[in-house]
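In what follows, a single structure is set out as structure tokens and then discussed.
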Amino acid sequence: MRHASIASAFLLFAAVAVLLTSETSRAAEGASADRGKEIYGESCAKCHGKSGEGDGRAGKSLEHKPTAFTDKSKLATDDKLFKATKEGGKAVGQSSDMEGFPKLSDDQIHDVVAYIKTFAK
Amino acid sequence: MLCNPRLVALACIVLTPAAALALPSFARREGVSCATCHSLVPRLNRTGYDYRNAGYRMPDKLGVEDAKFKEFGDFNSVRSETIISWMKSSPGDGSTGTTQTSINVLGASLYPLTGAIAKNFASRVELDVSASGGLSVANMFVRGTFGSEDHHVNLRVGVTHPWEGYGASDLPAGLSLPLALGMPSFEAASGTGSTYFAPSLFNQAQVEAGYTYKGFNLAASVLNGLVVQGSGGAFGASPAIGGSLSRDPTDPNHNTKDFQVVANQFIGDDNAISAYYYHGSLSLPVAGATTPTTFSNQFDKAALFATLAPFKKLWILGGAVWGWDHTYDATAAGPSADRFLSSGWFAETNARYNESVGLIARYDYFNPSRSTGNDNVQGVTLALNGLVYGGLQGILEYQVLKTNTSQSVVRTDQSLQLHLFFAY
């Protein structure tokens, strides 16, 4: 009986997780790099550079150089990029010099992440 | 002369805190952390210097229509300041000194309508509201910046700090100004007393034109100068910004304007040298005169500054300041034919532990009149600067000042101050 309860709870958890994941995936799948380009230019380029090389003018005095997005092998996962953009660098174990952008909607952040990925070669 | 009370009184001036200035509205507007523009809040790094110089915008946004003029918090800040202090003055003759402890709510500073406007303009307003309810204007100016990211012209009109420096020539990261920038020249022998003016003491009304080419900046200003007012031997200086703070029509310097030029050259991203020159006119009260009498002091100040950043978290700063002033000549019933020289220098280190905490150590030397023996003031200042949480900042500073004559140390002043700022 106890095993059945645990199994039910596990199945319920798995179902919810699948639903949530598919929701996130749908948002990510609908992301537009074109829309993200404008937001990136306004909010990210000043530190990360217009070409994503981490060479923006506002970032040059920072203790920790802004992340470059040009090396595909070093590019963080979508989830990590999403979280860093929304909550700031500290939320993903990076520098607190990177502030979060809580005013951006999840869709906008997915767009930005999509655009960031276009830098990676 | 074992004890010169006027010289001793001057030493207290350096205890006057220099207001820390860092505006969260700029960080909010740009979506960046404080560390983007500050090495140690409020001291600016190169990015902060360039941001200010481009009219409170990133230089590559100069001439670009600003789409972010949308939120109240992007253009408005407020800051409160509370001071907890302990001060002790000890005469050099071993007699009993005085000790004072206090908790003071200095008040609040309001920064409405501060930031970049449209493509080329900016404004800055700073209104100080004292705890007793008085309102004063600390900054109120508009600026126009025209040109490109690396090559532009700046125009500023209004009440502002006389110049915008970098590192050693900028406002301090601790609480107190270097003596040579915050202490007026002083001639003890003639009894003339204080000359009131010091390079960083007063925000003045001015018109400034500046030119920037990459890491070089040159700014020239015409300033309204100061006005000395008072009676019964108690005088004070204020910036002549109009209204009751205007020079009297009978003042021989009523229509005279001061002049200033400041140059700054970056060497790499974090190192810089700066030069400063100021010519001013100020009618000073004649000490001991039975009827109110003034004489005109035509004075000059010059300074050189250097800022070095040998490592990422360490800055070494230094400055030397010279001044030339007239004294009152009773025989001629006017200013003396010759001028006396004052000079001072400081050396400082700023070390940052992390994004939020830093240490400041400074040595000061100031000789308010080189014609009066070896009278001088020397100081050692240690400060801990920390962003405690969010908009809460604390600066703890210990300072010891020794006021000397040619004979001996005549006074030692110590102070321990904790200033708590909360800014939004």
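Excluded from the calculations below are hydrogen atoms, water molecules and symmetry mates; all remaining heavy atoms, backbone and side chain alike, are included. Each chain gets a letter, A, B and so on, in the order the sequences are listed, and its residues count up from 1.
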Original post:
Are there more than 12 heavy atoms of other residues, nucleotides or ligands under 6.0 Å from atom CZ of B:Phe216?
Top reply: yes
Subject >> Best-contacting candidate, A:Cys44, A:Gly88, A:Ser61, A:Ser96, against chain B by heavy atom pairs under 4.5 angstrom >> reply: A:Ser61
Original post:
Which atom pair, heavy atoms only, marks the closest approach of B:Val32 to A:Cys47?
Top reply: CG1-SG, 4.4 Å
**OP:** Might you confirm whether atom NZ of A:Lys117 has over 12 heavy atoms from other residues, nucleotides or ligands at distances under 6.0 Å?
**Re:** no
Original post:
Is it true that A:Arg57 and B:Asp150 have a side-chain N and a carboxylate O under 4.0 angstrom from each other?
Top reply: yes
Subject >> Contact leader toward chain A among B:Ser356, B:Cys37, B:Pro59, B:Gly48, where contacts are heavy-atom pairs under 4.5 Å >> reply: B:Pro59
**OP:** Please assess A:Leu62 against B:Thr36 for the test side chain to side chain contact (heavy atoms under 4.5 Å, CB included), listing each intermediate value before the final yes or no.
**Re:** CA-CA 6 Å; A:Leu62 293 174; B:Thr36 304; 4.0 Å; yes
Original post:
Can you check whether B:Asp60 reaches A:Lys50 side chain to side chain, under 4.5 Å on heavy atoms?
Top reply: yes
Original post:
Minimum heavy-atom separation for A:Ala58 to B:Thr47, with atom names?
Top reply: CA-CG2, 3.6 Å
Subject >> Top contributor to chain B contacts, counting heavy-atom pairs under 4.5 Å, from A:Glu63, A:Lys103, A:His64 >> reply: A:Glu63
Original post:
Is B:Ser33 close to A:Met98 at the side-chain level, that is, under 4.5 Å between some pair of heavy atoms?
Top reply: no
Subject >> Neighbour count above 12 (heavy atom, 6.0 Å) for B:Phe146 CZ >> reply: yes
Subject >> Donor-acceptor pair, side chain of A:Lys46 and main chain of B:Met58, under 3.5 angstrom >> reply: no
**OP:** Give the member of B:Lys313, B:Arg46, B:Lys61 that has the highest number of heavy-atom pairs under 4.5 Å with chain A.
**Re:** B:Lys313
Original post:
Around atom NZ of A:Lys83, are there more than 12 heavy atoms of other residues, nucleotides or ligands at under 6.0 Å?
Top reply: no
Subject >> A:Lys60 versus B:Lys312, closest heavy-atom pair with distance >> reply: O-NZ, 3.6 Å
Original post:
Would you say B:Lys119 has more than 12 foreign heavy atoms packed within less than 6.0 Å of its NZ?
Top reply: no
